[in-house]
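See structure below.
Below, chain A is the first sequence line, B the second, and so on; all start at residue 1.
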There are 2 protein chains.
Amino acid sequence: MATTSTSRVTIYDVAQRAGVSKSLVSLVLRGSPQVSPARREAVQQAIDELGYRPSRAAATLAGQRSNTIGVVIDDFANLWFVDLLAGLREGLAGTTFHVSVADAALNSHLAESPVHGYLSARVDGLVIAGEPRTADAAGVGVSTVVVGVRRQGVAGADLVFADEAAGSAAAVEHLAALGHQRIAFLAGDSGPALERERSYREAMAARGLTLHATPRGGTDEASGHAAAATLLADEPQVSAIIAANDLMALGAWQALREAGRSVPADVSLVGYDNSPIAATGIVDLTSVDARGAEVGRLAAQALIARIDDPTRPPTTTSVQPRLVLRGTTAPPPR
Amino acid sequence: MATTSTSRVTIYDVAQRAGVSKSLVSLVLRGSPQVSPARREAVQQAIDELGYRPSRAAATLAGQRSNTIGVVIDDFANLWFVDLLAGLREGLAGTTFHVSVADAALNSHLAESPVHGYLSARVDGLVIAGEPRTADAAGVGVSTVVVGVRRQGVAGADLVFADEAAGSAAAVEHLAALGHQRIAFLAGDSGPALERERSYREAMAARGLTLHATPRGGTDEASGHAAAATLLADEPQVSAIIAANDLMALGAWQALREAGRSVPADVSLVGYDNSPIAATGIVDLTSVDARGAEVGRLAAQALIARIDDPTRPPTTTSVQPRLVLRGTTAPPPR
DNA sequence: ATAGAATGGTCGAGTTTGAAC
DNA sequence: AGTTCAAACTCGACCATTCTA
């Protein structure tokens, strides 16, 4: 079995052992139907006996394709991508593509950007689930789909994103239906956060309600806390808060607690992303589900189609978000 | 710039344009000091003008090394690995290794295991941060470090893990110092969970306290909820609960709330992992910090050393965990 | 079903160059 | 002027596959 062979076992070794040519081994490896069952069996046996592992590098070099799809995300700490990856995988079922994930931080010790790394790796497709670099705006030379609403586009890429407008509208509608009038929005400066804010403004205007949007800041828990604290000091009459994401909502909750306001009795709270943290029973945060899994599934579809025909015109697909009602929203206090 | 060249630009094209041999281009690419500034400059200019991207596949094939480290984790949804990756990256600073992350689920549409995928990719090193497959116990033929306490070992691999015994002991000690006697443990069936349970038992025995460990179940929120619900029904006199991880602690908290017991006034609660979710102000869960970043840093060190000298005897390194005190522990009710 | 060219790099050995002895 | 030597550069075999014929 695990013979400590001096050199690696190659396709030649397998071919020799099975008594066939190396080309035939290659065919078996890639599951070609043009191989007789007897030969296939013999080759497979030789592979097992020798413990042969095909070299992906050689296959990529010779085949001009890596059979790999690269996924670039902003940050592993951002929980949103967990769903996205799950959907991506689902959409890739039935294909033989490998999936490789990189975040900008992970390889920050190298000068190179993740996108360039994947380009060097000759990926067959690229999923950019974060803000694209300006340098990549002109196109990256490989089938690409950009996920999420981004400030920066990538030429020739397909687009898949959640319809943030519908999400904010649903949140506003839910709160308005409960009787809230003074509904605030905790704004952030990422692409999706901007879009969520924009549509919050629209939804409020459509109802003739007064806007209460905070200045744009970061999108983490501390930013949510700070923004909410300022908001509560300036406009204590606010009875509901929509945050640009769940983490900010948690920060806001903390600020509310510190201000002696209870959720949802005094103030209703709606997050955005429906992240795992919102779903825990102890947090139980009403949140807009951005449908990451569905976005991932559609992104996979778009990518497969583009790899199949790189000349097809870029498409734009949006997914309807869903408001997940939990325990942080209630009618305003009388 | 972006000339839509028919075929890819290769090292030959760059060499020709710069008026040097392809070997010299290769030397520039890898930052060799044996190149005159003038030539280096010329080559770099040619690279920029042509938009050349080296082929990693070719480099790996020719160089017999991929300059890549593969990281295998159980599941992206497990937040623990976020810290681990951060530490890994830190430990890899100054090297030119690329880092690639795969979880078992992500490529589940392929028959192949992540480890085998990385073997085919000819990674220079492997970090296994999950339960190794039995098939890999005999060794995988590449420098490997296993992270965390696992039931299954990998021959020849270095080991880096948090000292779970010290973690459980710290939790028990903290609770005992607050005056708790009836301290329960929510057990799970993963490698680390078993170890945490084992040392909980030891720490309790050392203090002459009666054990209250639940039967081992899953390690997710629902499992924590179920285990705690049963525990509260069977042994309502318990005044403190240590969970095998944070998610289980959240589930337990929910069960406590449903039973009308408040945290920490009626029952104290300690989680394990110090995950981001525990750190949020709204949850504020006392938790044992498994020091993922430190583990990652040490894993990187061990791996670098092993890649440097594959014959060195396997090492075992443990990291002292730290109990992070937050708002879910207090003296028992009188 | 197979031989042989092609893929795009790396690597070690060898060649050139120019200055120092 | 001839020899020596290191630094700078080039040559060509080789890596393990796929693809064409």
Side-chain angles (χ1 to χ4, degrees), chain A residues 5-44 46-47 50-68 96 98 117 119-124, chain B residues 5-44 46-47 50-68 96 98 117 119-124:
Chain A
S5 52
T6 306
S7 66
R8 283 201 165 283
V9 24
T10 73
I11 201 171
Y12 285 93
D13 303 322
V14 174
Q16 185 173 20
R17 177 141 192 156
V20 300
S21 73
K22 67 182 194 326
S23 304
L24 208 249
V25 176
S26 176
L27 291 175
V28 170
L29 246 36
R30 285 170 299 139
S32 161
Q34 311 276 21
V35 182
S36 74
R39 303 283 203 166
R40 180 186 306 282
E41 172 62 26
V43 168
Q44 190 56 55
I47 287 175
L50 295 172
Y52 165 73
R53 301 234 151 267
S55 159
R56 203 125 85 182
T60 300
L61 182 57
Q64 307 281 52
R65 113 195 33 182
S66 63
N67 203 21
T68 298
T96 61
H98 290 252
L119 256 28
S120 274
R122 302 289 188 266
V123 293
D124 300 323
Chain B
S5 52
T6 307
S7 66
R8 282 203 166 283
V9 21
T10 73
I11 201 171
Y12 288 92
D13 303 323
V14 174
Q16 183 173 23
R17 177 140 192 156
V20 300
S21 74
K22 71 182 193 326
S23 300
L24 208 251
V25 176
S26 176
L27 290 175
V28 170
L29 246 36
R30 287 170 297 140
S32 162
Q34 309 274 26
V35 180
S36 70
R39 304 285 199 154
R40 181 187 306 281
E41 171 63 25
V43 168
Q44 190 55 57
I47 288 176
L50 295 171
Y52 166 72
R53 303 234 149 266
S55 158
R56 201 125 85 177
T60 299
L61 184 57
Q64 309 280 53
R65 114 189 23 146
S66 62
N67 202 19
T68 298
T96 61
H98 289 254
L119 255 28
S120 274
R122 302 289 188 267
V123 293
D124 301 322

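In this structure, A:Arg56 atom CZ and C:dG9 atom P are separated by 19 Å, rounded to whole Å. If you take CG of B:Leu24 and C1' of C:dT10, they are 14 Å apart, rounded to a whole angstrom.
Base pairing of D:dT18 is made with C:dA5, judged by Watson-Crick or G-U wobble geometry with both donor-acceptor distances under 3.5 Å.
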For every nucleotide of nucleotides 11-21 of chain D, 5' to 3': is a protein heavy atom under 4.0 Å from its base (B), only from its sugar-phosphate (S), or from neither (-)? BBB-BBBBB--
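At the phosphate of D:dC9, OP1 or OP2 sits under 4.0 Å from a side-chain N or O atom of B:Arg39.
B:Gln64 places none of its side-chain heavy atoms less than 4.5 Å from the side chain of B:Arg122. Taking the side chain as every heavy atom from C-beta outward, A:Tyr12 and A:Val25 never approach each other to under 4.5 Å. For the pair A:Leu29/A:Ile47, a side-chain contact is recorded, criterion being any heavy-atom separation below 4.5 Å from C-beta on.
Under a 3.5 Å cut-off, the side chain of B:Ser120 and the backbone N or O of A:Arg53 do not form any donor-acceptor pair. A donor-acceptor pair is defined here as one N or O able to donate and one able to accept, closer than 3.5 Å; no such pair exists between the side chain of A:Arg39 and the backbone of A:Ala18.
Sorted by first and then second residue, the salt bridge (charged side-chain N to carboxylate O under 4.0 Å, His left out) pairs with a member in residues 16-28 of chain B read B:Arg17-B:Glu49; sequence neighbours excluded.
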